[in-house]
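To start, the structure itself, in structure tokens.
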Amino acid sequence: MAGDPRVQEVLDRALAEVAGARSTSDLEQVRVRVLGRSGQLTTLLRSLGSVPAAERPRIGEQTNRAKASVEAAIAVRLEGLKGEERRLTLQADRPDLTLPGRRPDPGPVHPITRVTEEIIEVFEGLGFSVAEGPEVESDYYNFAALNFPDDHPARDMQDTFHVGPGALLRTHTSPVQIRTMKAQRPPVRIICLGKVYRRDILDATHSPMFHQVEGLAVDKHITMADLKATLQLFAREMFGPKSTVRFRPSFFPFTEPSAEVDVRCFKCGGDGCRFCKESGWLEILGSGMVHPNVLRNVGYDPEEVTGWAFGMGIDRIALLKYEIDDIRLFFDNDLRFLQQFSGLPGR
């Protein structure tokens with residue numbers, strides 16, 4: 001028995017329109033018109049109630065087969081159209097390799113990086129080389145070789161992060177000095193830069209991780225006068241040609257004699273201001289002559305050679321130099337803060 005001619009007519013027209021669809025949107029229009037909620041085949045299925053009962057199964061089966069045929073044809077055609085549209089999109093978006101490239105914005109140099117590079121430039125000009133070492137150190141290199149006895153109260157000043165038996169996060173870059181002296185004979189002229197760690201509470205002036213630079217010079221006839229002249233030159237290069245330094249007696253286990261070093265306030269010229277807390281001076285570093293025990297620990301003879309060393313926080317130098325009042329700004333990754341340094345001279 002012949003099927004319903006209306007179903008066959010809708011099927012033939014739908015298959016032709018599917019085959020002729022030029023885009024996925026055209027194909028979607030065919031799907032909605034034929035298979036949608038008010039589509040042609042859907043309407044025929046809903047009208048089966050008006051068909052004689054004997055004809056309903058046959059016409060219903062015919063309509064469902066037509067629906068399945070259209071769905072299958074749409075699925076096949078959709079894959080082909082998607083591939084073609086993807087190819088056309090890629091072709092349209094293909095870059096023109098003959099055009100000049102876009103120069104990326106390098107961004108401003110971080111003030112810590114800027115000060116670090118300035119320090120390196122000053123001391124390389126004096127004949128010093130840059131030395132590096134591991135941030136996870138042994139107790140020997142961080143303390144014992146630097147004349148810290150096991151029960152020495154100076155160990156408490158360091159407030160150390162211990163990460164395992166005999167292992168710790170270095171509290172200063174001084175272990176690099178020990179490693180360097182053990183690896184070479186005098187003369188030695190190095191600066192050691194890098195991150196150091198102490199159990200400080202994070203606030204405007206303290207951080208559990210900060211940056212430090214230390215200098216070391218060991219040779220015959222090295223004196224405290226050499227240290228003072230070197231630091232005087234450094235102060236002038238870093239803070240201005242009128243800068244001067246002063247030494248105050250202090251104590252460090254690895255130097256003897258030891259001294260704290262201040263630089264004359266470069267804001268008020270020593271007259272006293274809010275910046276220097278009315279003292280006229282800014283504390284910048286600790287220094288001294290290398291302790292004879294430290295020289296012996298690395299195999300040097302303190303009767304033949306002497307040396308001096310100093311250490312300072314790069315973060316503190318940056319705070320002073322750029323008049324920043326909160327060390328946390330260095331680590332907040334706020335581009336608005338960093339953008340303030342884009343107009344400064346240098347890299």
Side-chain angles (χ1 to χ4, degrees), residues 107-124 128 130-137 142 157-161 168-177 190-216 231 234-240 243 245 250 252 260-267 274-277 279 281-287 309-342 344-347:
V109 179
H110 195 284
I112 295 294
T113 302
R114 188 183 297 275
V115 170
T116 299
E117 292 177 347
E118 291 178 8
I119 293 172
I120 291 175
E121 183 177 1
V122 170
F123 283 98
E124 283 187 338
F128 286 69
V130 177
E132 297 180 341
E135 295 180 19
V136 177
E137 270 292 3
N142 197 83
M157 297 167 55
Q158 305 293 326
D159 213 2
T160 309
F161 285 105
L168 49 85
L169 297 179
R170 66 184 182 187
T171 60
H172 43 196
T173 51
S174 301
V176 182
Q177 299 181 19
I190 61 168
I191 55 171
C192 322
L193 307 100
K195 299 184 183 73
V196 297
Y197 306 85
R198 298 182 187 177
R199 293 171 61 89
D200 283 330
I201 301 299
L202 182 64
D203 59 25
T205 57
H206 298 85
S207 172
M209 185 280 291
F210 56 99
H211 303 79
Q212 192 176 60
V213 57
E214 298 191 17
L216 173 71
L231 295 180
F234 166 76
R236 290 174 178 170
E237 291 292 330
M238 185 61 61
F239 300 112
S243 294
V245 297
S250 186
F252 304 106
E260 297 280 359
V261 180
D262 305 328
V263 62
R264 188 181 300 277
C265 180
F266 47 84
K267 295 295 293 183
R274 179 191 61 82
F275 195 61
C276 62
K277 299 179 181 179
S279 70
W281 295 89
L282 299 167
E283 179 184 337
I284 59 170
L285 58 86
S287 65
F310 69 83
M312 58 185 167
I314 298 175
D315 309 61
R316 174 159 176 76
I317 299 299
L319 289 172
L320 294 174
K321 187 176 178 67
Y322 299 119
E323 301 182 39
I324 301 168
D325 58 7
D326 195 329
I327 195 174
R328 291 170 292 192
L329 293 170
F330 290 147
F331 311 113
D332 283 346
N333 295 325
D334 190 331
L335 294 180
R336 296 171 299 177
F337 168 72
L338 296 178
Q339 198 63 41
Q340 299 176 68
F341 303 92
S342 60
L344 296 177
R347 180 171 65 85

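Hydrogens, waters and symmetry mates are skipped; everything else that's a heavy atom, side chains included, is used.
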Worksheet item: Going from CD on Gln340 to CD1 on Ile324, what distance comes out if it is rounded to the nearest 0.5 angstrom?
Response: 8.0 Å
Item to complete: Measure centre to centre between the rings of Tyr197 and Phe161, then say whether the value is under 6.0 Å.
Response: no
Discussion item. Can you tell me if Asp203 has over 12 outside heavy atoms packed within less than 6.0 Å of its CG?
Written reply: yes
Fill in: Results of ring pair (Phe, Tyr, Trp, His ring centres under 6.0 Å) for His110 - residues two or more places apart only
Phe330
Discussion item. Using side chain to side chain contact (heavy atoms under 4.5 Å, CB included), reason through Leu193 and Ile191 one step at a time and then give a plain yes or no.
Written reply: CA-CA 7 Å; Leu193 307 100; Ile191 55 171; 3.9 Å; yes
Worksheet item: So, the side chain of Arg316 versus the backbone of Gln212: is there a donor-acceptor pair under 3.5 Å, distance only?
Response: no
Discussion item. Please report the interatomic distance CG(Leu320) to CD(Glu283), rounded to the nearest 0.5 Å.
Written reply: 10.0 Å
Worksheet item: Is the closest side-chain heavy-atom distance between Ile201 and Pro208 below 4.5 Å?
Response: no
Worksheet item: Is any side-chain heavy atom of Val176 closer than 4.5 Å to a side-chain heavy atom of Arg170?
Response: yes
Worksheet item: Which is it for Phe210 and Val196 under the side chain to side chain contact (heavy atoms under 4.5 Å, CB included) test, yes or no, and what are the steps along the way?
Response: CA-CA 6 Å; Phe210 56 99; Val196 297; 3.3 Å; yes
Worksheet item: Distance-only, no hydrogens or angles: does the Asp332 side chain make a donor-acceptor pair with backbone N or O of Asp334 under 3.5 Å?
Response: no
Worksheet entry | Stepwise side chain to side chain contact (heavy atoms under 4.5 Å, CB included) test for Leu231 and Val261 | CA-CA 9 Å; Leu231 295 180; Val261 180; 3.9 Å; yes
Worksheet entry | Non-hydrogen atoms of Met238 and Ile317 that approach each other most closely | CG-CG2, 4.0 Å
Worksheet item: So, are Glu118 and Lys321 salt-bridged, with charged N and O less than 4.0 Å apart?
Response: yes
Worksheet entry | Within-4.5 Å side-chain heavy-atom neighbours: Phe331 and Ser207 | yes
Discussion item. A side-chain contact here means heavy atoms from C-beta on lying under 4.5 Å apart; do Arg199 and Thr160 qualify?
Written reply: no
Practice prompt. Look up atom CD in Glu124 and atom CD in Glu117, then write down how far apart they are to the nearest 0.5 Å.
Written response: 10.5 Å
Worksheet item: What pair of heavy atoms forms the shortest contact from Thr173 to Cys192, and how long is it?
Response: OG1-O, 3.6 Å
Practice prompt. Answer yes or no: is there a side-chain heavy-atom contact under 4.5 Å between Ser243 and Arg264?
Written response: no
Response to the item:
What one should report as the nearest heavy-atom pair of His211 and Asp315 is N-OD1, 2.6 Å
Discussion item. I'd like to check the ring pair (Phe, Tyr, Trp, His ring centres under 6.0 Å) partners of Phe337; sequence neighbours left out, ordered by chain and number.
Written reply: Phe341
Worksheet item: Which atom names give the shortest non-hydrogen contact between Asp325 and Ala204, and what distance separates them?
Response: O-CB, 3.9 Å
Response to the item:
Glu260 and Gly286 have their tightest heavy-atom pair at OE1-CA, 4.0 Å
Worksheet item: Taking the six-membered ring for Trp, is the centroid-to-centroid distance between Phe234 and Phe310 below 6.0 Å?
Response: no
Fill in: CD1 on Ile190 to CG on Leu216, rounded to 0.5 Å
5.0 Å
Discussion item. Walk me through whether Asp262 and Ile284 qualify under side chain to side chain contact (heavy atoms under 4.5 Å, CB included).
Written reply: CA-CA 6 Å; Asp262 305 328; Ile284 59 170; over 6 Å; no
Worksheet item: Would you say the side-chain atoms of Thr113 pair up with the backbone N or O of Val109, donor to acceptor, closer than 3.5 Å?
Response: no
Fill in: Leu319 side chain reached by Ile327 side chain, heavy atoms, under 4.5 Å
yes
Discussion item. Do Ile120 and Val130 make a side-chain contact, defined as non-hydrogen atoms from C-beta onward lying under 4.5 Å apart?
Written reply: yes
Worksheet item: So, does Arg198 use its side chain to make a donor-acceptor pair with the main chain of His172 at under 3.5 Å?
Response: no
Item to complete: Looking only at non-hydrogen atoms, find the nearest pair between Gln177 and Ala309 and report the distance.
Response: OE1-CB, 4.0 Å
Worksheet item: How about Leu168 and Asn142: do any of their side-chain heavy atoms sit closer than 4.5 Å?
Response: yes
